[in-house]
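Report on the structure given below.
A, B, ... follow the sequence lines: proteins, then strands. Residue 1 opens every chain.
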Amino acid sequence: MYARHTGGTMILRVEDTDADRSRPELIEAIHDSLTWLGIDWDEEYRQSDRFGQYREAAQSFLDKGFAYRCDCTQEAVKARTENDSGYDGFCRDRDVQPGEGVVVRFRTPDEGVTGWDDLVRGRVEFENALLEDFVIVRSSGVPLFHVANAYDDLDMGITHVVRGEDLVNTTPRVLLMREALGATDQPLYAHLPLIVNEKRQKLSKRRDDVAVGDYRAKGFLPDAMRNYLLTLGWGPKDDIEIRPITEFVEQFELSDINKSPAFFDVKKLEHFNGEYLRAMALDDFIAAASPFAAEIDPALFARHAEQIQGRVKTLAEAGGFLDWVVGPASEPTEKDWKKVMGGAKVPAVLDAVIERLAVCDWTPEAAESVVFGVGEELETKTQLPVRLAVTGSRSGLPLFEPMVELDRDVVLDRLRAARAKL
RNA sequence: GCCCCCAUCGUUCAGUGGCCUAGGACACUGCCCUUUCACGGCAGGAACACGGGUUCGAAUCCCGUUGGGGGUGCCA
């Protein structure tokens with residue numbers, strides 16, 4: 001948003017410095033998700049292609065005294081220190097030589113503060129004395145992500161770093177290394193509030209639906225998803241929440257972003273989705289819905305698509321509206337049955353409807369006039385009992401159009417079965 | 001434990017010292033439209049966590065309390 005707002009360059013940097021966790025399909029998923037959401041980028045880099053440069057940077061730290069080698073095991077460090085106070089600097093001046101189990105650590109300053117002016121959080125500062133000497137090169141020789149970041153930010157001329165609040169604490173490390181690399185400036189940071197679950201905790205892969213692909217599979221539209229996401233942590237000044245992305249891009253400012261976390265409210269997403277769904281051209285809606293209504297004859301679906309479009313919140317719901325046409329009626333709930341079929345006139349209504357439907361033209365208009373005609377004669381509402389008998393539900397599409405898609409005998413059988421149950 | 005951060009309706013965004021008897025949206029409730037449901041229209045309930053300051057005046061500034069979150073890896 002910000003890159004597009006300012007005419008800047010959007011860089012996608014794949015931070016795959018951990019070989020154990022990096023897999024091609026994960027990177028592909030990132031590409032797919034971003035593309036689906038309509039988010040594009042101008043340049044792309046993989047840190048795994050640039051290990052050589054990071055190692056050189058680490059070597060220069062070693063040469064200049066900004067870093068040193070350490071052969072402490074985690075157990076040894078733990079034994080020496082109290083209550084998780086971090087690494088104690090044991091190897092700072094031990095002149096450890098390269099070898100098995102040896103890492104490189106960055107020497108953090110013993111005094112002073114490291115801070116920056118965060119675009120969303122204001123001034124953030126950390127006391128250097130509280131920063132432990134952190135590892136920048138694993139014993140395997142592979143550099144860790146924050147060295148890579150410090151190097152890349154500088155090398156790529158990154159002006160704005162926009163990321164989640166969970167990265168705030170590692171920022172001083174990157175800033176310190178940036179200085180050691182010779183930089184005298186800082187990029188502008190914007191640490192975004194996290195999106196949380198109903199328990200107000202950071203979304204986790206195990207507990208929560210965090211994969212964009214899940215929402216896609218549930219039948220959410222990318223534009224709706226993107227639009228909804230935009231209302232979390234930020235909002236348009238004029239309160240118009242649903243609008244074209246171009247207008248958002250125009251208004252968007254990093255400094256307007258909120259500091260507090262936001263709950264991902266699927267209910268509101270569904271509302272947005274419904275709005276976007278209803279705004280689609282009918283043909284587009286049919287095309288978008290067809291993968292979700294695979295078991296329904298396309299021509300049949302198309303005949304009722306307009307009515308379905310007006311009712312769905314997600315594409316995944318689309319096929320369900322014709323379930324009772326392509327298959328048996330659903331089993332009415334006991335509650336619905338009592339409420340609808342409990343009326344004193346219902347038996348007479350069903351008898352009359354069955355009798356007349358058996359002989360009328362098999363068109364929506366004829367069926368409607370039969371059902372309503374009986375209602376007028378008996379002075380009662382007749383649609384609901386018929387609907388419940390034929391579809392199994394109190395709600396759904398306007399009844400008569402889809403009803404005559406069924407053979408007359410099927411409809412009569414369902415009505416007779418209901419009559420027998422009274 | 002230590003470090004960092006956050007705090008307006010149930011949810012989300014607005015509000016940056018007086019325009020606030022705090023506004024919009026989602027959700028909820030009622031009514032209208034409609035012989036279903038949904039859409040749409042109208043109406044309604046619903047919040048400045050608490051306590052101190054500063055000020056003529058505070059949701060807005062400061063301090064504290066409480067509550068919540070994030071980080072604390074040879075993960076990112």
Side-chain angles (χ1 to χ4, degrees), chain A residues 14-22 47 70 72-74 82-87 101-105 115 118 120-122 124-127 129-132 134-146 148-149 163-172 191 193-194 196 198-202 228 230-242 256-272 274-275 278 307-313 317 321 336 340 368 371-372 375-376 380-388 391 393-400:
Chain A
V14 181
E15 309 202 318
D16 54 348
T17 53
D18 184 351
D20 292 342
R21 296 201 309 171
S22 175
Q47 291 188 327
C70 166
C72 298
T73 61
Q74 288 190 45
E82 295 170 356
N83 42 300
D84 297 329
S85 55
Y87 183 67
V102 173
V103 299
V104 178
R105 286 183 186 273
D118 198 282
V120 345
R121 328 194 82 80
V124 183
E125 288 185 336
F126 290 81
E127 273 188 65
L130 266 11
L131 264 26
E132 65 176 317
F134 52 91
V135 175
I136 59 175
V137 181
R138 299 168 165 92
S139 56
S140 65
V142 178
L144 275 113
F145 82 103
H146 38 239
N149 285 0
R163 25 123 91 146
E165 194 200 335
D166 50 343
L167 269 335
V168 169
N169 294 269
T170 68
T171 305
H191 284 98
L194 264 17
V196 298
E198 60 288 337
K199 288 158 76 183
R200 307 222 62 91
Q201 287 165 331
K202 177 180 165 182
Y228 172 66
L230 231 17
T231 68
L232 260 27
W234 181 84
K237 284 275 182 283
D238 56 11
D239 276 342
I240 300 173
E241 290 183 315
I242 297 181
D256 289 336
I257 293 172
N258 276 166
K259 292 194 259 280
S260 40
F263 168 63
F264 188 89
D265 185 359
V266 180
K267 279 274 192 304
K268 188 157 178 177
L269 203 214
E270 284 175 347
H271 177 262
F272 276 40
E275 296 272 323
R278 270 174 263 123
Q307 291 296 335
I308 292 172
Q309 183 181 13
R311 266 156 262 258
V312 288
K313 285 194 157 59
E317 299 168 357
F321 282 89
D336 284 350
V340 174
E368 177 173 334
V371 174
F372 287 179
E376 273 170 40
T380 183
K381 292 190 177 181
T382 53
Q383 197 215 151
L384 228 28
V386 175
R387 174 182 290 278
L388 196 68
T391 76
S393 169
R394 294 181 60 195
S395 62
L397 262 20
L399 182 61
F400 304 106

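The listed nucleotides are B:A27, B:G23, B:C75; the one nearest the side chain of A:Leu144 is B:C75. Checked against B:C26, B:G70, B:A76, the side chain of A:Asp265 finds its nearest nucleotide in B:C26. Of all nucleotides listed (B:A76, B:C13, B:C4), B:A76 comes nearest to the side chain of A:Leu167. Of the listed nucleotides (B:C75, B:A27, B:G73), B:C75 has the atom at the smallest distance from the side chain of A:Asp18. Minimum atom distance to the side chain of A:Val124 is reached by B:C4, of the listed B:U12, B:C4, B:A76. Checking B:C74, B:C6, B:G70 against every side-chain atom of A:Ser260, the shortest atom distance belongs to B:C6. In the set B:A76, B:A27, B:U36, B:A27 carries the atom at the smallest distance from any side-chain atom of A:Lys267. Of the candidates B:G73, B:C6, B:C74, the closest approach to any side-chain atom of A:Lys259 belongs to B:C6. Checked against B:U35, B:C74, B:C26, the side chain of A:Lys381 finds its nearest nucleotide in B:U35. For A:Arg200, whose side chain is taken as the heavy atoms from C-beta onward, the closest listed nucleotide among B:U36, B:G73, B:U12 is B:U12.
Between A:Leu399 and A:Thr391, some side-chain heavy-atom pair lies under the 4.5 Å cut-off. In this structure, A:Glu241 and A:Tyr228 have side chains that are not in contact, with every pair of non-hydrogen atoms separated by 4.5 Å or more. Put simply, the side chain of A:Thr171 does not reach to within 4.5 Å of the side chain of A:Phe126, judged on heavy atoms. In this structure the side chain of A:Ser393 never reaches within 4.5 angstrom of the side chain of A:Asp336, judged on heavy atoms. Residues A:Lys237 and A:Asp256 have side chains in contact (heavy-atom distance under 4.5 Å, counting atoms from C-beta outward).
Residue contacts shown for A:Glu376 are absent, as no nucleic acid heavy atom lies under 4.0 Å away. Residue contacts shown for A:Gly101 include a base, since a base heavy atom lies under 4.0 Å away. Within the 4.0 angstrom heavy-atom criterion, base atoms lie near A:Phe372. Here A:Pro398 lies in heavy-atom contact (under 4.0 Å) with a base. Nucleic acid contact class of A:Glu15 (heavy atoms, under 4.0 Å, all strands): sugar-phosphate only. A:Thr391 comes within 4.0 angstrom of nothing in the nucleic acid, heavy atoms only. Across all strands, A:Val135 comes closer than 4.0 Å only to sugar-phosphate atoms, never to a base (heavy-atom distances). Using a 4.0 Å heavy-atom cutoff across all strands shown, A:Asp336 reaches no nucleic acid atom at all. Across all strands, A:Leu399 comes closer than 4.0 Å to no nucleic acid atom at all (heavy-atom distances). Within the nucleic acid shown, A:Phe126 comes within 4.0 Å of sugar-phosphate atoms alone, with no base atom in reach, counting heavy atoms only.
Rounded to a whole angstrom, the distance from the P atom of B:A47 to that of B:U11 is 12 Å. Annotation: B:C6 and B:G10 have their P atoms spaced 22 Å apart (nearest Å). Between B:U54 and B:A58, the two C1' atoms lie 10 Å apart (nearest whole Å). Straight-line distance between the P atoms of B:G71 and B:C26: roughly 33 Å, to the nearest whole Å. The P atoms of B:U8 and B:G1 are separated by 25 Å, rounded to the nearest whole Å. Going from the P atom of B:A49 to that of B:G44 covers 25 Å, rounded to whole Å. If you take atom P in B:G23 and the same atom in B:U65, they sit 33 Å apart, rounded to whole Å. Taking atom C1' on both B:G45 and B:A22, the two are 16 Å apart, rounded to the nearest angstrom.
Below the 3.5 angstrom threshold, one finds a donor paired with an acceptor across the side chain of A:Ser139 and the base of B:C74. The base of B:C5 does not come close enough to the side chain of A:Arg121 for any donor and acceptor atom to sit less than 3.5 Å apart. The base of B:G70 sits with one of its N or O atoms less than 3.5 Å from a complementary donor or acceptor on the side chain of A:Asn169. Judged by atom type and distance alone, A:Glu165 does not reach the base of B:G71 through any side-chain donor-acceptor pair under 3.5 Å. Applying the 3.5 Å distance criterion, the base of B:C37 shares no donor-acceptor pair with the side chain of A:Arg394.
Here A:Arg311 does not pair with A:Glu317 in a salt bridge; the nearest charged N to carboxylate O distance is not below 4.0 Å. In this structure, A:Arg163 does not pair ionically with A:Glu15, as no charged nitrogen and carboxylate oxygen lie closer than 4.0 Å.
Base-pair partner of B:U16: not found among the strands shown (Watson-Crick or G-U wobble, both distances under 3.5 Å). Nucleotide B:A25 has B:U11 as its partner under the Watson-Crick or G-U criteria, with both atom distances under 3.5 Å. B:A76 is unpaired under the Watson-Crick or G-U wobble criterion, no partner having all donor-acceptor distances under 3.5 Å. Remark: B:A49 base-pairs with B:U65; criterion is Watson-Crick or G-U wobble with both hydrogen-bond distances under 3.5 Å. Of all nucleotides present, only B:C42 satisfies the Watson-Crick or G-U wobble test against B:G30, with each distance under 3.5 Å. Pairing partner, B:A59: none, since no Watson-Crick or wobble contact has both distances short of 3.5 Å.
Between the NZ atom of A:Lys237 and the P atom of B:A14 there is a distance of 6 Å, given to the nearest Å. A:Leu194 places its CG atom 18 Å from the P atom of B:A76, with the value rounded to the nearest Å. Nucleotide B:G71 holds its C1' atom 11 Å from the CZ atom of A:Phe145, rounded to whole Å. Distance A:Glu241 CD to B:U11 P: 16 Å, rounded to the nearest Å.
Contact annotation: A:Asn258 side-chain N/O to B:C13 OP1/OP2 distance is under 4.0 Å. At B:A76, one or more side-chain N or O atoms of A:Thr17 fall inside 4.0 Å of OP1 or OP2 (strictly under the cut-off). Contact between the side-chain N/O atoms of A:Lys268 and the OP1/OP2 oxygens of B:C13 is not found at any separation under 4.0 Å. For B:C75, the OP1/OP2 oxygens have a side-chain nitrogen or oxygen of A:Arg138 closer than 4.0 Å.
Checked by atom type and distance alone, the side chain of A:Asp118 pairs as donor or acceptor with a backbone atom of A:His191 at under 3.5 Å. The backbone N or O of A:Ser260 sits nowhere less than 3.5 Å from a side-chain atom of A:Asn258 that would complete a donor-acceptor pair.
Taking the nucleotide of RNA chain B with the nearest heavy atom to each of A:Val168 and A:Lys202, the more 5' of the two is matched to A:Val168.
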Would you give me the side-chain donor-acceptor pairs under 3.5 Å for residues 134-144 of chain A, sequence neighbours excluded?
| residue | atom | partner | partner atom | Å |
| --- | --- | --- | --- | --- |
| A:Arg138 | NH1 | A:Thr17 | O | 3.4 |
| A:Arg138 | NH1 | A:Pro143 | O | 3.1 |
| A:Ser140 | OG | A:Val142 | N | 3.4 |

